[in-house]
Amino acid sequence: MKKHLIAMLLLGCAAQVYAADTIKIAITGPFSGGSAPMGVSMRDGAKLAVNEINAAGGILVGGKKMKIEVVERDDEADNARGALIAQELASMDGLSGVIGTANTGVVIAGDKYLQEKGVTKIITPAAGSASMTQWVKAGVPELSIFRFSADDGLQAQMVVKEAIKRGYTKVAVFHDTTNYGVSGRDDLLNQIKLQGNKLQVVTTEKFKIGDKDMTAQLLKAKTGGAQAILIWAIGPEMAAVANDMEKLGMRLPLIGGWTLCMSNFIDNAGKNGNGAIMPQTFIEDPITPRARKFIDAYHKAYHVERMPSPMSAAQGYDALLIFAAAVKQAQSTDTHRIKEALEDLKEPVKGVIADWKHPYAKWNPASEDTHEAFRVQNVVMGMVKDGQVVFANEADKQRLIKQDK
Amino acid sequence: MDVILQMGVSGALMGLVYALVAYGFQLTFATSKSINFGQGELVMVSAFICLSLLDIGLPYWAMVPFGLLAGAMLGLAVERVAVRLALEQKSEGWILMTIIVGLFLFSAAENIWGRDDRPFPTPIPTEPLHVLGIDVTPVELSVAIGVLALMGLIEVFKRKTLWGKAFEAVSADRDSAELMGISAKATIMLSYGFSGMVAAMAGILVSPITTVGPTMGAALVLKAFSVAVVAGLESGFGVVVVGLFLGALESLASFYIGSGWREAPGLVLLILALAVRPNGLFGRARIRKV
């Protein structure tokens with residue numbers, strides 16, 4: 001009996017030593033269902049970074065090279081499932097942190113469990129403002145949740161700027177009746193005011209999920225004399241707007257949230273989707289050596305010719321590199337120490353989207369910006385062209401090439 | 001003026017699809033006094049089957065008869081699984097059973113074809129034509145032609161053929177018809193087969209405009225139900241008129257009152273119709289002599 005006990009203790013120790021040899025990171029997101037393109041690309045992008053780090057021997061922590069071990073969880077874009085996964089991860093032994101989640105609803109359902117236990121998480125690519133503003137509203141003194149995505153407020157700012165830049169003076173605002181659409185509308189109207197009321201909103205039109213006939217809304221825009229439509233909704237309904245415009249012989253440009261780059265818009269709208277403009281963090285175009293390296297590596301590793309959601313892939317990749325840099329700086333796999341390191345990253349991280357210099361700061365309960373990595377200069381405008389997303393403005397492309405030099 | 005005309009015409013053309021789905025309700029109600037509450041799911045599953053047929057390389061025009069056949073089979077399956085037993089026992093169990101079959105088809109579709117909306121290719125051009133100052137696409141016109149053609153064919157069948165006469169006889173008085181040697185069972189099966197075929201046709205016609213997705217049926221069926229109730233569950237002509245009217249009304253309401261009010265006038269109409277003419281605008285109050 002005694003021998004058994006000792007053996008068990010020894011085994012236990014051995015297991016612990018083994019566990020401490022790796023840095024355990026959970027990647028969660030929708031890997032199946034309608035949001036899968038985002039989740040899968042994010043996961044695969046992040047795993048590309050993991051493979052690179054592990055191939056180089058791992059991260060030097062406390063004088064020892066440690067490899068990254070990935071735990072995957074599919075939340076199916078389902079809030080309830082996301083909450084269960086978050087509870088599991090919050091109590092998982094030896095977990096260094098979590099990266100992922102593509103749906104704002106899942107973030108809101110699950111992140112509270114992680115925050116309770118102080119488990120460090122980098123949200124990517126979910127963009128809804130509420131994911132971070134909920135913590136400002138709650139006024140928490142410490143926060144272990146970070147975001148690595150261009151949030152809706154930032155996107156709305158860019159959409160309005162783009163419309164002004166293109167010389168439009170009269171626009172119609174279209175949105176769906178979900179939380180996402182309504183808060184997007186508010187962001188847009190707010191930004192129009194902030195940017196000097198240069199755009200006159202001739203009409204604000206809404207539609208429900210599943211609506212396919214947009215004739216009334218479009219004719220309102222047409223009779224109001226709108227020159228462009230600013231839109232906040234998801235793929236299928238935005239495709240219906242594009243398709244009905246074709247039917248009515250209207251040619252108003254669509255400018256909207258990044259959902260315009262998703263396959264359920266591009267495929268359903270077909271050629272009618274051409275010219276739609278949206279903010280993007282990454283465009284699958286090998287304009288710089290680092291972009292080329294990333295795109296080639298992704299295509300080769302996953303045997304695809306195009307990434308399902310290029311910006312999710314790039315964000316997953318960069319988020320993991322930032323997390324790894326925090327582990328290195330903390331010299332620890334302890335999630336609390338990693339959080340502190342993330343809030344004050346000393347060394348810049350060379351990602352595929354940008355060089356991330358001090359992406360986060362100490363949490364300030366008055367503003368979520370301290371835990372948001374993206375600023376205007378990290379985002380470009382993309383445009384749908386024949387089923388792909390390309391740079392909408394040559395200037396953006398040149399700026400990125402210049403930045404890289 | 002152009003705007004009213006444009007809104008009215010595009011709405012009315014969509015309204016014809018409501019009419020076709022409503023016609024599916026009428027067909028089965030006539031013979032069996034039962035309705036398939038999962039009719040919307042039949043539309044959706046038939047549309048997905050047609051899409052799969054196109055995916056495996058069948059040309060569009062060859063797909064149509066197969067699609068209609070698949071719809072008819074689905075209709076027969078609903079009758080066998082959900083309706084027959086309840087009718088034999090003279091119970092109202094078919095209400096719940098058809099809803100359950102609908103839910104089952106919905107889940108099956110989600111698992112087989114996924115939750116995404118998908119485009120439905122069509123060889124009919126989508127470029128708009130300018131007629132009398134308004135824009136209509138050939139696809140929208142094809143909806144009108146398809147709906148009226150199929151309804152016309154079924155009505156001719158009912159009036160001119162022996163089977164059709166049996167159909168009418170069972171509709172008029174099931175017991176007397178059975179005494180005359182007409183099989184009510186076979187007639188009811190026929191009506192469900194037709195009803196499924198009508199659902200498939202609605203799917204084929206509406207999909208190029210609305211895309212195909214598991215939720216497409218739910219949106220259609222509620223409006224079709226309003227059309228069927230307002231028109232009355234007996235008149236094929238009635239559903240066409242009410243369908244056209246309701247479709248146009250919806251469009252005009254969302255334009256003039258606001259896009260959030262799209263459904264409101266239709267519902268007000270439904271309540272008014274039920275209050276003033278409970279048998280529907282085109283229905284007859286039936287006095288049954290014993």
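Computation of the quantities below employed the complete heavy-atom set of this structure, encompassing side-chain atoms and omitting hydrogens, waters and symmetry-equivalent molecules. Every value quoted in this text rests on a predicted model; they were computed, and no experiment measured them. So you know, we letter chains A, B, ... as the sequences are listed, proteins then strands, and number each from 1.
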If you draw a 6.0 Å radius around [atom1] in [X], do more than 12 non-hydrogen atoms from other residues or ligands fall strictly inside?
{"X": "A/Lys271", "atom1": "NZ", "value": "yes"}
{"X": "B/Phe237", "atom1": "CZ", "value": "no"}
{"X": "B/Phe245", "atom1": "CZ", "value": "no"}

Charged N-O contact under 4.0 Å between A/Glu205 and B/Arg262: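 No, no charged N to carboxylate O under 4.0 Å.
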side-chain contact (heavy atoms from CB on, under 4.5 Å) evaluation trace for A/Lys212 with B/Ile209: CA-CA 8 Å; A/Lys212 301 296 178 186; B/Ile209 302 177; 5.9 Å; no
For A/Thr215, all residues meeting side chain to side chain donor-acceptor pair (under 3.5 Å), sequence neighbours excluded: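 Partners of A/Thr215 by the side chain to side chain donor-acceptor pair (under 3.5 Å) criterion, ordered by chain and then number, come out as A/Asp213, A/Lys247.
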Which portion of B/Glu250 sits near chain A, non-hydrogen atoms under 4.5 angstrom: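 Neither part.
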Please tabulate, one pair per line, all N/O donor-acceptor pairs under 3.5 Å involving side-chain atoms of residues 106-114 of chain B, not counting sequence neighbours.
{"from": "B/Ser107", "atom 1": "OG", "to": "B/Leu103", "atom 2": "O", "distance (Å)": "3.1"}
{"from": "B/Asn111", "atom 1": "ND2", "to": "B/Ser107", "atom 2": "O", "distance (Å)": "3.0"}
{"from": "B/Trp113", "atom 1": "NE1", "to": "B/Ser52", "atom 2": "OG", "distance (Å)": "2.8"}

Test log, rule side-chain contact (heavy atoms from CB on, under 4.5 Å), inputs A/Lys222 and B/Gln6: CA-CA 12 Å; A/Lys222 192 181 185 180; B/Gln6 174 75 59; over 6 Å; no
Quick one: pull up [atom1] in [X] and [atom2] in [Y] and give me the separation to the nearest 0.5 Å.
{"X": "A/Asp211", "Y": "B/Thr210", "atom1": "CG", "atom2": "OG1", "answer": "11.5 Å"}
{"X": "B/Ser10", "Y": "A/Asp244", "atom1": "OG", "atom2": "CG", "answer": "8.0 Å"}
{"X": "A/Asp267", "Y": "B/Asp117", "atom1": "CG", "atom2": "CG", "answer": "11.5 Å"}
{"X": "B/Thr211", "Y": "A/Glu237", "atom1": "OG1", "atom2": "CD", "answer": "8.5 Å"}

Atom group of A/Thr223 that falls short of 4.5 Å from chain B, counting heavy atoms: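 The answer is the side chain of A/Thr223.
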Region of A/Asn243 in contact with chain B, defined by heavy-atom distances below 4.5 Å: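 No part of it gets close to chain B.
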For A/Ala216 against B/Ser254, the heavy-atom pair lying closest together: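 Answer, listing the atom of A/Ala216 first, then B/Ser254: CB-OG, 2.9 Å.
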